[in-house]
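In what follows, a structure is listed as structure tokens, so that the remarks can point back to it.
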Amino acid sequence: MSGLGKGIVSSSITKIMIMHGLKSLPMKFDGYLNYDCGTMNPFRHGEVFVLDDKGEVDMDFGNYERFINRDLDSSLSITGGKLFSEIISRERKGEFLGRDVQIIPQMTDFILNKVKAIARDKKLDIMVIEVGGTVGDIENSYFIEAMRQLALKEKVVFVNVAYVPELQVVGEQKTKPTQLAIRELMESGIQADFIVCRSDRALDKSAKEKIALFSNLDEKHIIDNPDLKSIYDVPVSLIDQGFDRMMLEELDIVGTKIDNAELSKWKDYAQSISAKHKKTVRISIVGKYITLKDSYASVKEALIHSAGAEAVNLDLNWIESERLEGVTENKIKEILGGSDGILVPGGFGSRGIEGMIKAIEFARENKIPYLGLCLGMQLMSIEFARNVSNIKGANSGEFDPSAKDKVIDLMGSQKDIKSKGGTMRLGAWKARIRNGTYAYQAYKSGIISERHRHRYEFNNRYAHKLERDGLVISARTLDGNIIEMVEWKDQFGIGTQAHPELKSRLEKPAPLFLAFIEASMGKRH
Ligand code: GLN
């Protein structure tokens, strides 16, 4: 079922295979009929992840990239929507002339051809395919059927990620949901080769025996996947159980060896995250999707990566921005007072905006380091315009289309766009950073590339006035037209139109997040 951590397991398997020197990439099937994740509400589906190539994909891609430290492309994401739209357009062109078009074989062949083409084009040794959803769902049934067929022709290992809940009152691990999952998969014609069991703690012997019995498997093939200190400990836990060795055996791949230098490097990074450090840094995240933490998955992980690299404990203070609206200064101080750093992440729509602006004002006035991501950069500009440049009605066209002073406005290129899917300014864009700025210090480079997802931008008409009043415009697009970053002059506060969190990896934390954590530790002023 969703939320179980199939993404972490897939990421870990891919990582381990790469450590074995095998060319490996993950691929994801999602059964929903949306073409991509771009139009999905973060409250319902978690964060929308954006790739360099503009693909708006499932948040699992964030985990894939964070684990394997490679940029992926959107051909690796196959949704029901993409499949149906392609297959129907081919039918209209007459490609199936004379035939009725069916799930089996046309749709399943279509999936198989895609998988094979990707494996061939990218010259992969192993492809790790994650089938989203729950076995038994109508949504993913044609993906599962395609995988059954794949196994008739290729070497395939099936891993069933299953849930083993523990009823606190009885103190017993219940294997029934896993038994049902195994049976359901068998009804689809698939015998799992491994069962990865998600549970609070490692499986009891009796639970393991039971699952082995129901799945026709040796007990060694029942893999523990208990709660660990961090998700980055999962690959190591799988290796410790011999999962990599057994899986390669099943795949008839012999003679590979794990690269111990790579493994110990990974372990060091993972360890720096779960270790208890002397110092703690308290970061307040002020947003509107706080009740579903998955909406900010990449922001959270980026902070974790940087805190680990700086050997500091991370204390995350999640604040629903509406709590800062219509309350006294004292109340705001009570909520934000203990923050070492304040962060406003991306978002859409007008709910909770004024609360975020209050948080930014609090950071600026109390010299608390601030990081604004996309919307957080736009609001940083609005706050400055209102409270420093005295443009009282400063706003964004997104929240008040009739505002007189739209310091943030719809991008010119967006004005005639009506349809919503895939039409924002998306993907990787380069920017040039001004020398001598906090941003330059963070990136240590003049030209950078980060991923984007927005329709609004800093209105150049206000650039002069705000700069004169002390706002630093620290980066622009290479053509100079779009303002990419702004910052405060004599205190650490940076807003970026991009989403640097999307490129932060355990082994390569995002430079802006590193700088932000350092500033929050009092290392940068
Ligand atoms: N809503 C803003 C825009 O579209 C910010 C988007 C974001 O934060 N990703 O420009």
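Being a predicted model, the structure only gives us computed values, none of them experimental. One-based numbering, in listed order, for ligands and for the atoms of each.
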Checklist entry - So, S321 and R351: side-chain donor and acceptor under 3.5 Å apart, yes or no? => result no

Next on the checklist: Starting from atom 1 (N) of ligand 1, what is the nearest protein heavy atom, named by residue and atom, and what distance separates them?
Outcome noted: E398 OE1, 2.7 Å

Checklist entry - Do S74 and D53 get their side chains close enough for a donor-acceptor pair, meaning under 3.5 Å? => result yes

Checklist entry - What protein heavy atom sits nearest atom 4 (O) of ligand 1, and how far off is it? => result R455 N, 3.0 Å

Checklist entry - Does any N/O atom on Q497 come nearer than 3.5 Å to any N/O atom on ligand 1? => result no

Next on the checklist: Any nitrogen or oxygen of F348 lying under 3.5 Å from a nitrogen or oxygen in ligand 1? Just yes or no.
Outcome noted: no

Next on the checklist: Using the ring centroid of each side chain, check whether F516 and F513 are separated by less than 6.0 Å.
Outcome noted: no

Checklist entry - Can you list the atoms of ligand 1 that are under 4.0 Å from a heavy atom of G346? => result 8 (O)

Checklist entry - What heavy-atom pair brings L25 and K122 nearest, and what distance separates the two atoms? => result CD1-CD, 3.4 Å

Checklist entry - Would you say the side-chain atoms of S298 and E47 include a donor-acceptor pair closer than 3.5 Å? => result yes

Item to check | Check: R468/S389 side-chain N/O donor and acceptor closer than 3.5 Å | outcome: no

Next on the checklist: Could you identify the single nearest non-hydrogen protein atom to atom 7 (C) of ligand 1 and state the distance to 0.1 Å?
Outcome noted: C374 SG, 2.9 Å

Checklist entry - Quick check: are there more than 12 heavy atoms from other residues, nucleotides or ligands sitting under 6.0 Å from NZ of K300? => result no

Checklist entry - What about Y456: any of its N or O atoms under 3.5 Å from an N or O on ligand 1? => result yes

Checklist entry - Which of the atoms of ligand 1 are close to R453, meaning less than 4.0 Å from one of its heavy atoms? => result 6 (C), 7 (C), 9 (N)

Item to check | Region of H454 engaging ligand 1 - heavy atom pairs below 4.0 Å | outcome: both

Checklist entry - Are S474 and T437 linked by a side-chain donor-acceptor pair shorter than 3.5 Å? => result no

Item to check | Within-cut-off N or O pair, L373 and ligand 1, under 3.5 Å | outcome: no

Next on the checklist: Ring-plane angle category for F67 and W266, please: parallel below 30°, perpendicular beyond 60°, tilted otherwise.
Outcome noted: tilted

Item to check | H499 touching ligand 1 at heavy-atom level, < 4.0 angstrom | outcome: yes

Checklist entry - Between E457 and ligand 1, which residue portion shows a heavy-atom distance shorter than 4.0 Å: side chain, backbone, both, or neither? => result neither

Next on the checklist: Under 4.0 Å, counting heavy atoms only: does Q378 come that close to any atom of ligand 1?
Outcome noted: yes

Next on the checklist: As an exercise, identify every atom of ligand 1 less than 4.0 angstrom from a heavy atom of G347.
Outcome noted: 1 (N), 2 (C), 5 (C), 6 (C), 7 (C), 8 (O)

